[in-house]
Protein chains: 4
Amino acid sequence: MRVRRLEAKDKPEWVTLFKGYIAFYKATLTEEVIEMAWQRLMEAPADFHVAFVAVDKDDKALGLAHVLFHRSTWSPTWYCYLEDLFVDPTRRKKGAGRALIEATYREADARGATRTYWATQEFNYTARALYDQVATKSPFVQYRR
Amino acid sequence: MRVRRLEAKDKPEWVTLFKGYIAFYKATLTEEVIEMAWQRLMEAPADFHVAFVAVDKDDKALGLAHVLFHRSTWSPTWYCYLEDLFVDPTRRKKGAGRALIEATYREADARGATRTYWATQEFNYTARALYDQVATKSPFVQYRR
Amino acid sequence: MRVRRLEAKDKPEWVTLFKGYIAFYKATLTEEVIEMAWQRLMEAPADFHVAFVAVDKDDKALGLAHVLFHRSTWSPTWYCYLEDLFVDPTRRKKGAGRALIEATYREADARGATRTYWATQEFNYTARALYDQVATKSPFVQYRR
Amino acid sequence: MRVRRLEAKDKPEWVTLFKGYIAFYKATLTEEVIEMAWQRLMEAPADFHVAFVAVDKDDKALGLAHVLFHRSTWSPTWYCYLEDLFVDPTRRKKGAGRALIEATYREADARGATRTYWATQEFNYTARALYDQVATKSPFVQYRR
């Protein structure tokens, strides 16, 4: 499973994947917010996410990862937050999710990040079966206003 | 309980509080990392945390909050992440923690953040008793490399 | 804190405590079910619970524990299930809860039970702060029809 | 998927299934305890479990359920505790687990049980994906001495 940086030509597949990801969470984002995320990913300001895609043999994206490097009071360098991870449901079980996490780890190492982390719903059993293999569940739970 | 922005004169109390907070997690940070966090809080670059302190009647800090505003692919504006929250254990039960969270909410509103969140250990019962009153536990759990 | 077996003279305090316990769970039981539980505790058939009370210096009950010994396919003897545990909210922090658990442990040992266990709500922070000191949280969660 | 009561002729398959179940929990039981469970299931005293098996077209057991009806201080009748549930790992995804739970529900209804429940490990994702369909996760966690 090949993973590479997101490129401008990926827009159609990226939009489909990102919308599928949002729908998975039974959430909605306006077209404007989705377009803004895309523009920011393309402009790549220092305070926005790095995006990876897992691609098939035709170099078409079938999975995405959005990774934010942010400051922490606990780190001289960065924390690496994997905010979004999604694989086309029809193309799972072939290692795309794992390859995207591994690409995230490599990027975190290249930037000297002192922590890499993400959050997932307690009942997202399919994802957690993978996460348990490549990471450790912390005892942290999330509160939101 | 009064809350205000962290100021240069707060350094002694801030160092004591931050070290108490780190010790609570049975973690360690080098003096260099703690000093770097302090310097960054004072220099206040756009990508670093906003710091609040709860103060007593002598304007001495007895609690701290470090709040990071970061980009999200889900937001046109910001997400507000309350990374650190700590109150001197000898001066609890007087509303300092709640006042620091409320100051965080006000700052989030002032900046138009579309989400405010934090993480806490599942077994941090004292903190969770407060959090349950001012926020909602999400079903998200945290994974770490 | 003294703990002894429930006796017939305890009925007024027992009713108050058991109703307080049920109300804590925002549940309701009919008077008939409460009376039936009392009768069974007094008649003490082999398949019903053993009841302990924590008592004050006037021998008045201020806390209760109902303990069921039941068969398990995993045990040649018994499992010990602490079904109900409650202390008068106005008389806590004096060791009654702990003393009731310790009485349960002694009874379990006397009967050769190979496991002693109970369930509590994830967000019952007050109780869990005690339970973490005298027992171990298992990774088991409970499903109900 | 057909489910019926455990019968004497099922012993070879039952032993294999029960041992597989115990091994799943990385636990061990002596041969004596396993034999004792079998004997009790066959003798069927009132205080022991009811056993069901899911069977294939040759009437061979490929899954088991051990169900304990016990008294509760909250019930005029019984609580129904599904203590053990296991399906041969090579014969899953065909409805045996669900059929065993449904047989448990029917038995609970026949006996007028006022609650049916069981416990599972938080990270048993495969089982929980089924349980989420046929039951409700309660907020109860389990403590053990």
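To find a chain, count down the sequence lines: A is the first, B the second, and so on, and within it residues start at 1.
- F140(B) is not listed as a side-chain neighbour of Y143(A), based on a closest heavy-atom distance of 4.5 Å or more.
- Chosen from Y117(B), Y105(B), F123(B), the residue pairing most often with chain A at heavy-atom distances under 4.5 Å is Y105(B).
- Within the 4.5 Å cutoff, the side chain of R145(B) has heavy atoms near those of the D109(A) side chain.
- Closest non-hydrogen pair, F48(B) versus S72(A), comes out as CE1-O, 3.8 Å.
- Proximity to chain A is absent for every atom of N124(B), based on heavy atoms less than 4.5 angstrom apart.
- Contact count against chain B (heavy-atom pairs under 4.5 Å) is highest for H49(A) among M36(A), E122(A), H49(A).
- Counting heavy-atom pairs under 4.5 Å between each of I101(B), L82(B), D132(B) and chain A puts D132(B) at the top.
- Chain A forms more heavy-atom pairs under 4.5 Å with one residue of A135(B), P45(B), S138(B) than with any other, namely S138(B).
- Looking at I22(B), the atoms closer than 4.5 Å to chain A (heavy atoms on both sides) sit in the backbone and in the side chain alike.
- Counting only distance, with no hydrogens or angles, the side chain of E83(B) and the backbone of T73(A) share a donor-acceptor pair below 3.5 Å.
- Contact count against chain A (heavy-atom pairs under 4.5 Å) is highest for R128(B) among R128(B), E32(B), H66(B).
- In this structure, the separation between CZ on R144(B) and SG on C80(A) is 13.0 Å, given to the nearest 0.5 Å.
- Under a 3.5 Å cut-off, the side chain of R71(A) and the backbone N or O of A37(B) do not form any donor-acceptor pair.
- Most heavy-atom pairs under 4.5 Å with chain A: of the set V134(B), T120(B), T104(B), L41(B), this distinction falls to T120(B).
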Derivation of the side-chain contact (heavy atoms from CB on, under 4.5 Å) call for K137(B) and Q142(A): CA-CA 6 Å; K137(B) 182 180 171 291; Q142(A) 190 187 83; over 6 Å; no

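- Residue K9(B) qualifies as enclosed at atom NZ: its count of foreign heavy atoms under 6.0 Å is above 12.
- Using a 4.5 Å cut-off between heavy atoms, F18(B) contacts chain A through its side chain alone, with no backbone atom that close.
- Using a 4.5 Å cut-off on side-chain heavy atoms (C-beta onward), D47(A) and H70(B) make no contact.
- Looking at heavy atoms from C-beta onward, W74(A) lies in side-chain contact with Y25(B) at the 4.5 angstrom threshold.
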